[in-house]
Amino acid sequence: ARPAPAAPFLLGDTWSMLDCALAPKLYVLDVALRHFHPATFRKVAGFPHVQRYMGHVLGSEALQATKYPTEMMIWGWSKARGD
């Protein structure tokens, strides 16, 4: 196994535009997989580097202050899926 990268974000110790672009997509992925595809969510959980990065990004103050509530996302995706 390869050692975990030292930096918490993709380009180093601070947020970059790349992290900003990925944060909302990772949030949608996290919420959607947990709710609609738990087996796939468990597979993603098997990638520790991905989990570490997602933890940094999803736990950030910026995302926490601006994200949609989980219930609203599930409602919206349920409508889009025809559930």
Side-chain angles (χ1 to χ4, degrees):
R2 292 175 28 191
F9 301 105
L10 292 176
L11 300 180
D13 291 326
T14 59
W15 277 83
S16 68
M17 292 301 289
L18 185 55
D19 299 304
C20 290
L22 283 176
K25 295 167 183 69
L26 291 174
Y27 179 57
V28 169
L29 179 75
D30 186 62
V31 171
L33 287 182
R34 281 179 196 266
H35 186 78
F36 297 110
H37 301 285
T40 303
F41 178 79
R42 287 190 295 276
K43 288 179 186 176
V44 172
F47 294 91
H49 298 309
V50 172
Q51 288 302 304
R52 181 176 169 269
Y53 175 68
M54 286 180 70
H56 286 294
V57 171
L58 299 180
S60 72
E61 258 184 64
L63 186 68
Q64 292 298 314
T66 58
K67 69 181 183 176
Y68 282 104
T70 301
E71 301 78 27
M72 183 181 289
M73 292 189 57
I74 292 170
W75 173 82
W77 278 102
S78 295
K79 293 287 186 188
R81 293 165 38 97
D83 293 348

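Minimum interatomic distance between Met72 and Tyr68 (heavy atoms only, all atoms of both residues): SD-CD2, 3.3 Å.
Taking the side chain as every heavy atom from C-beta outward, Pro38 and Leu33 never approach each other to under 4.5 Å. Residues Leu58 and Leu63 form a side-chain contact, since some pair of their non-hydrogen atoms from C-beta on lies under 4.5 Å apart.
Ser60 contributes atom OG, which lies 4.0 Å from atom CH2 of Trp15 (distance to the nearest 0.5 angstrom). Here the straight-line distance linking atom CE of Met54 with atom CG of Leu29 works out to 5.0 Å at 0.5 Å rounding. A distance of 9.5 Å separates NZ in Lys67 from CE in Met73, rounded to the nearest 0.5 Å. Put simply, NE2 on His35 and CD on Glu71 are 10.5 Å apart, with the number rounded to the nearest 0.5 Å.
A donor-acceptor distance shorter than 3.5 angstrom exists from the side chain of Asp19 to the backbone of Leu10, with no hydrogens or angles considered. Between the side chain of Tyr27 and the backbone N or O of Gln64 there is no donor-acceptor pair closer than 3.5 Å. Distance alone, capped at 3.5 Å, places no donor-acceptor pair between the Lys79 side chain and the Trp75 backbone. With hydrogens and angles ignored, the 3.5 Å screen pairs no side-chain donor or acceptor of Gln51 with any backbone N or O of Gly46.
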The test is side chain to side chain contact (heavy atoms under 4.5 Å, CB included); show your working for Ile74 and Val31 and say whether it passes.
CA-CA 7 Å; Ile74 292 170; Val31 171; 3.9 Å; yes
Does Trp77 form a side chain to side chain contact (heavy atoms under 4.5 Å, CB included) with Val28? I'd like the steps, not just the answer.
CA-CA 10 Å; Trp77 278 102; Val28 169; 3.8 Å; yes
With side chain to side chain contact (heavy atoms under 4.5 Å, CB included) as the test, would you mind laying out the steps for Phe36 and Asp83 before giving the verdict?
CA-CA 10 Å; Phe36 297 110; Asp83 293 348; 3.4 Å; yes
As a quick check of understanding, evaluate side chain to side chain contact (heavy atoms under 4.5 Å, CB included) for Tyr53 and Leu26, giving each step before the final call.
CA-CA 10 Å; Tyr53 175 68; Leu26 291 174; 3.5 Å; yes
